[in-house]
Enquirer: 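Below is a structure I'd like to ask you about.
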Protein chains: 2
Amino acid sequence: MPDVDGRRRDLAAMIAPLQRALVAAEQPVLRAHGLSMWGYVVLDALEGQPVRTQAALAEFVGADKSRIIGVLDELENDGLLERPRDPADRRARLVTITGEGRRRHRAVQAEVQRGEERLLGLLPPADREALLRSLAVLADELPKLD
Amino acid sequence: MPDVDGRRRDLAAMIAPLQRALVAAEQPVLRAHGLSMWGYVVLDALEGQPVRTQAALAEFVGADKSRIIGVLDELENDGLLERPRDPADRRARLVTITGEGRRRHRAVQAEVQRGEERLLGLLPPADREALLRSLAVLADELPKLD
DNA sequence: GCATATTGTAAGCACATGCTTATCAATGAA
DNA sequence: TTCATTGATAAGCATGTGCTTACAATATGC
């Protein structure tokens, strides 16, 4: 139901502090596993859809294509991904997560989500599931707007 | 329910793009009303709790106390808030929103929320309410953790 | 009265970000 | 072949942010 006076808080006003807290909680986990925030985001994207061109990958994770290169360099250096030339179009590089990358990503994700449970545990189970479901819908539908 | 394979996406991974989209959508509205993002956040905070010291206000909105001063200067210049000295402790300033500030804030908020409806409209009503309720709970409980 | 702490303010540093431009190799169309 | 386009990369610039230091005015404890 809407608030009694018909007004509610902005979505952004509620999401912003939540986002800050989640990022702050992730930081030590990432550091412990030797990953940067962007590195983790990239691995996360690569586990989903298969391969992509680097520009598309950058746009997908919401980063600038000129700034994602350093991230890929590091991940490649650590053996977490490979990016051979695409034989079909040798300008492009086929960014692929490695087995080690997948392992690292899952380890971090498991630990991150264990942390998030502290928050989600505050909600009644039905609301918790509705929240996760709704966020997934919104995140998926966003690109289709405009 | 959790995903079929027992894993789900990170909260942060779903929230981040949502946050980006919301901020992008707010930008033109704020510009049209002559408010900066931080200015709007400050007015939003002042409409809730009554008065506060500037440092507490800064922490509350998640900004640095040394960086919020310019924001307050601008808002005061535009007549949206006042900050007289606290007679009880003349070091502190009692930051107070003015009537004009309240009007401006509500006008912007109404327009922002009308924009957010485009997103919320994608959800079934029950999920929509559960989402808003859950976010409000999480945002409120955050400070109490740790 | 004096030393210490606190509030608001200013200034600076290191760093991340968004955006732009330039370069090079490879592609594809005229 | 020639030319415009595309993908990856590097470099630069303006801006925003977190954090630190410094300082003046005021409060407070001894």
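Just the heavy atoms: all of them, side chains too, but no hydrogens, waters or symmetry mates, feed the values below. Lettering follows sequence order; numbering is per chain, from 1.
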Enquirer: What's the CZ-P distance between A:Arg90 and D:dT9, to the nearest Å?
Expert: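 It is 13 Å, rounded to the nearest whole Å.
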Enquirer: For the side chain of B:Asp89, counting heavy atoms from C-beta on, which of D:dG7, D:dT9, D:dA27 is nearest?
Expert: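 Nearest to the side chain of B:Asp89 among the choices is D:dA27.
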Enquirer: Does a nitrogen or oxygen in the side chain of B:Trp38 sit under 4.0 Å from OP1 or OP2 of D:dG16?
Expert: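 For B:Trp38, the contact criterion (side-chain N or O under 4.0 Å from OP1 or OP2 of D:dG16) is not met.
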Enquirer: Could you tell me whether the side chain of A:Arg93 has a donor or acceptor atom within less than 3.5 Å of a complementary atom in the base of D:dG7?
Expert: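 No, the side chain and the base share no sub-3.5 Å donor-acceptor pair.
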Enquirer: Does this structure show an ion pair linking B:Arg103 with B:Glu100, if we count only N-O contacts that are shorter than 4.0 Å?
Expert: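 Salt bridge: yes.
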Enquirer: Please report the distance, rounded to the nearest Å, between CD in B:Glu59 and C1' in C:dT6.
Expert: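 Rounding to the nearest Å, CD of B:Glu59 and C1' of C:dT6 are 15 Å apart.
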Enquirer: The side chain of A:Arg83 is closest to which nucleotide in this list: D:dT17, D:dT9, C:dG8?
Expert: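 The listed nucleotide nearest to A:Arg83's side chain is D:dT9.
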Enquirer: Okay, side chain of B:Thr98, backbone of B:Gly79: is any donor-acceptor separation there less than 3.5 Å?
Expert: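 Here the side-chain-to-backbone pair exists.
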Enquirer: For A:Ile69 and C:dA16, what is the distance between atoms CD1 and P respectively, to the nearest whole Å?
Expert: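 Spelled out: CD1 on A:Ile69 to P on C:dA16 is 16 Å.
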Enquirer: From CG of A:Asp64 over to P of D:dA8, roughly how many Å is that when rounded to an integer?
Expert: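 Rounded to whole Å, this separation is 13 Å.
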Enquirer: Does this structure show an ion pair linking A:Glu141 with B:Arg118, if we count only N-O contacts that are shorter than 4.0 Å?
Expert: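 Looking at B:Arg118 together with A:Glu141, the answer is no, because their closest N to O distance does not fall below 4.0 Å.
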Enquirer: Please report, rounded to the nearest Å, how far the C1' atom of D:dT15 is from the CE atom of B:Met37.
Expert: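 So the CE-C1' distance, B:Met37 to D:dT15, works out to 15 Å.
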Enquirer: Of all the nucleotides listed (D:dG7, C:dT9, D:dT9), which has the minimum atom distance to the side chain of A:Ala92?
Expert: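 It is D:dG7.
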Enquirer: Under a 4.0 Å threshold between the charged nitrogen and the carboxylate oxygen, would B:Glu47 count as salt-bridged to A:Arg9?
Expert: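 No.
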Enquirer: Rounded to whole angstroms, how far apart are NZ on A:Lys65 and C1' on C:dT23?
Expert: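 Interatomic distance, NZ of A:Lys65 to C1' of C:dT23: 12 Å.
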Enquirer: If every non-hydrogen atom of A:Ala107 is compared with every non-hydrogen atom of A:His33, which pair is closest and at what distance?
Expert: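 Scanning both residues, the minimum pair turns out to be CB-CE1, 4.0 Å.
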Enquirer: A:Leu72 has an atom CG; how far is it from atom C1' of D:dA10, in whole Å?
Expert: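 The answer, rounded to whole Å, is 15 Å.
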Enquirer: D:dA24 P sits how many Å from B:Arg85 CZ, rounded?
Expert: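 After rounding, the reported distance stands at 15 Å.
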Enquirer: Can you work out whether B:Arg67 or A:Ser66 has the more 5'-proximal nearest nucleotide on DNA chain C?
Expert: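 Its nearest nucleotide being more 5', the pick is B:Arg67.
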Enquirer: Could a donor-acceptor pair under 3.5 angstrom be found where the side chain of B:Arg20 meets the base of C:dG18?
Expert: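 There is none.
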Enquirer: So for B:Arg91 and C:dT6, does any side-chain atom that can act as donor or acceptor lie under 3.5 Å from a complementary atom in the base?
Expert: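 It does, because a donor-acceptor pair links the side chain of B:Arg91 to the base of C:dT6 below 3.5 Å.
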